[in-house]
Student: 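I'd like to ask you about the structure that follows.
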Amino acid sequence: MFKKILIANRGEIACRVARTARRLGVTTVAVYSDADAQAQHVHACDEAVHIGGNAAKDSYLQWQRILDAAQATGAQAIHPGYGFLSENEDFARACAAAGLVFIGPPPQAIAAMGSKAAAKALMERAGVPLVPGYHGDDNDPAFLQGQAERIGFPVLIKASAGGGGRGMRRVDRAEDFAAALASCQREAKASFGDDHVLVERYVTRPRHVEIQVFGDTQGHCVYLFERDCSVQRRHQKVLEEAPAPGMSAERRAEMGAAAVAAAKAVGYVGAGTVEFIAEPTADGDLRFYFMEMNTRLQVEHPVTEAITGHDLVEWQLRVAAGEPLPARQDELQIHGHAIEARICAENPDAGFLPATGTLQVLRWPAHVAFQRNATQTAAAEPAAVRVDAGVREGDAISPYYDSMVAKLIVWGADRAQALARLDAALRDTHIVGLSTNVAFLRRVVNSRAFAGADLDTALIERERAALFDVGALPLAQAAAGVAAHRLASEAALEDADPWSRRDGWRIHGGARRRMELRVGKERHIATLERLHDGALRLSLGAQSWRLTARALGDGRHDVLLGEQRLTLSVYAQGETYAVFGAAGTLELQEIDPIAHAGEGAGAGGRLTAPMPGKVIALLAQPGEAVRSGQPLAVMEAMKMEHTLAAPRDGVVAELLYAVGDQVPEGAELLRLDTAE
């Protein structure tokens, strides 16, 4: 086993690797950018080395600096995590040349599977079924248009060197192909340095099923069963589970054998994932097609750990150190069911627009396992709830890296128990300071389709009516939470002097307190009245309820609203309150009418940057008349492209930024005059 390793990554995966290394007695070295100087992964490791500026290209992709850091600190091996350099064959070769072990597959295996087109050709020769499409080298736009028309729409354009949903577009009509191809190639070039693409038939009800494989230097290879990753947005995974619902033992063995054959065909060593597109057949089984192989550890590996009882990072370290695989195929078993939810800083109701900001409140469910114990046996029950995170309360989510905050993993004896535990864990996950997808994830978990395992990659779109713009905590409950918080805060200020009491008591009659609350753009008037008998009444519009509240500590309140008993968690940041309850969450502001007098003045209809990022395309010129909803600019932020549309009809008067410019959040990108 190694004595010291360097972790060439950041965030939750760097913390994850460090935990296993510490359990095995292996010293760890972190690397960090300017933006990550105080990041959690820096403190999770034994040593840390600064490697450059904020952007990944100035730090985490500067592999010579990483190699220098490893040699300077005496590290014997480099763990690349996922993303960044994890699937870079040149970096793997550079590690070997520097006398360092790359904790991953051999460079030739990365090269063989690194190009989607080349990998598909290899699988075709091996007899693995492929989705009909074009996987060749000719990327002339006119030629690819012809191939798409030959295959038949809808088609999927995919970056050959891509992953994580970047450089991927579904195209339903021939007239949309050229624009989608250009956007796809542009994003692929920016993300992977390679704009080569392939075109495939779009499977209309696809399930995304992947097989975890592992090989060692002695020539052994096993599969650790499958994960279903069908629930996706923008071609990026949202929920992953293992095993795949409805998978027969025969199909599991067939897919596992195909995945092992694929790995052996390239002399694979270490952790890898063979991904398949599966579609249902008339007899209720699944037909599968090879999609790609990811030559690294996957984000969703914890669900495999939960159902097999094996620590895959430990396996990686042992295999890279030359040891044989810790288990044979016949020793691997499935135990229970696990689901992972990716918690991201984004706004689902705004097209999953990434969010930046400070994690002012970050509270996880009680009884969370932040660290696995020693490798489990199949009979040992794993932790019911696990969190893999690379951030702490008070940390900032910046625009320089991806938007994932953490991974919430649950295990159950069966899928029904895992679903119940995931819903409860998401309910008890409280994040304040920026938009996240936590409430959206709860709606997905409770949707008819997901609960019933009616899975495919279009689930979110199919269930749109049930998933978007719904499920917030009712306003009355949120108002009760604000009232409870205010009462508790005032009670804490009271002293023994009865004349200093702030509870609104009067000798004759009750006292009313008016609260003006804003939710989004809507304002509501609530009143809190203390009656002569000392009781409280909360009124909202024409409705009113008797209210009692008792502070439980740590922002939690036991509230009786009419006949309904609630446990509400309330977090206040100035005038803003975030209220969490079993029915959901709601953020609202208590408005000071004097401080907010005149609010709302100013011109609307401006085209502004919704987040910090880089302008990569301007789609209109000065003097051009545009219509509301017409695409005007394309920005890149958090590794994704975002198209910005005209907020109203008008004429472009002036471009305020140029292609390539970095812009702050809220910056006006162009001046739009009213059309004559």
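For clarity, every value in this text was computed on a predicted model and none was experimentally measured.
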Student: Are more than 12 heavy atoms, taken from residues, nucleotides or ligands other than Q573, located less than 6.0 Å from that residue's CD atom?
Tutor: yes
Student: Could you report the tightest heavy-atom contact between Y401 and A35, atom names first, then the distance?
Tutor: OH-CB, 4.0 Å
Student: Measure the spacing between CZ of R518 and CD of E575 and express it to the nearest 0.5 Å.
Tutor: 8.5 Å
Student: Consider only side-chain N and O atoms of Y400 and S59, and report whether a donor and an acceptor are under 3.5 Å apart.
Tutor: no
Student: Look at E275 together with K158 and state whether they make a salt bridge at an N to O cut-off of under 4.0 Å.
Tutor: no
Student: Just one of L408, N437, V410, V444 clears the side chain to side chain contact (heavy atoms under 4.5 Å, CB included) bar with L426, so which one?
Tutor: L408
Student: Closest approach of A355 and I397, non-hydrogen atoms and distance?
Tutor: O-CG2, 3.8 Å
Student: Decide yes or no on side chain to side chain donor-acceptor pair (under 3.5 Å) for Q64 and D68, but give the supporting numbers first.
Tutor: CA-CA 6 Å; Q64 188 57 54; D68 292 344; 2.9 Å; yes
Student: Quick test of your reading of the model: are D58 and R65 salt-bridged, counting only N-O distances below 4.0 Å?
Tutor: no
Student: Does the side-chain contact (heavy atoms from CB on, under 4.5 Å) test come out yes or no for C45 and I7, once each step is laid out?
Tutor: CA-CA 9 Å; C45 293; I7 304 170; 3.9 Å; yes
Student: Verify, without hydrogens or angle tests, whether T429 (side chain) and A425 (backbone) share a donor-acceptor contact under 3.5 angstrom.
Tutor: yes
Student: Which of these, V445, T457, V238, sits in a side chain to side chain contact (heavy atoms under 4.5 Å, CB included) with V231?
Tutor: V238
Student: What distance do I157 atom CD1 and C184 atom SG have between them, rounded to the nearest 0.5 Å?
Tutor: 5.5 Å
Student: For Q236, which of Q232, R234, R233 qualifies under side-chain hydrogen bond (donor to acceptor under 3.5 Å, both in side chains)?
Tutor: R233
Student: Would you mind reporting whether L441 and R342 have side-chain heavy atoms less than 4.5 Å apart?
Tutor: no
Student: Does K4 NZ have over 12 foreign heavy atoms under 6.0 Å away?
Tutor: yes
Student: Inspect the contact between E87 and R296 and indicate whether a charged nitrogen and a carboxylate oxygen are less than 4.0 angstrom apart.
Tutor: yes
Student: Testing R227, E210, E340 one by one against T304 for a side-chain hydrogen bond (donor to acceptor under 3.5 Å, both in side chains), which residue passes?
Tutor: R227
Student: Starting at OG1 of T20, measure out to CG of D311 and round the result to the nearest 0.5 Å.
Tutor: 3.5 Å
Student: Rounded to the nearest 0.5 Å, how far apart are OG1 of T358 and CG of D395?
Tutor: 9.0 Å
Student: Look at D176 together with R169 and state whether they make a salt bridge at an N to O cut-off of under 4.0 Å.
Tutor: no
Student: I'd like to know if the side chain of Q298 reaches the main chain of G272, judged simply by a donor and an acceptor atom lying under 3.5 Å from each other, with no hydrogens or angles considered.
Tutor: no
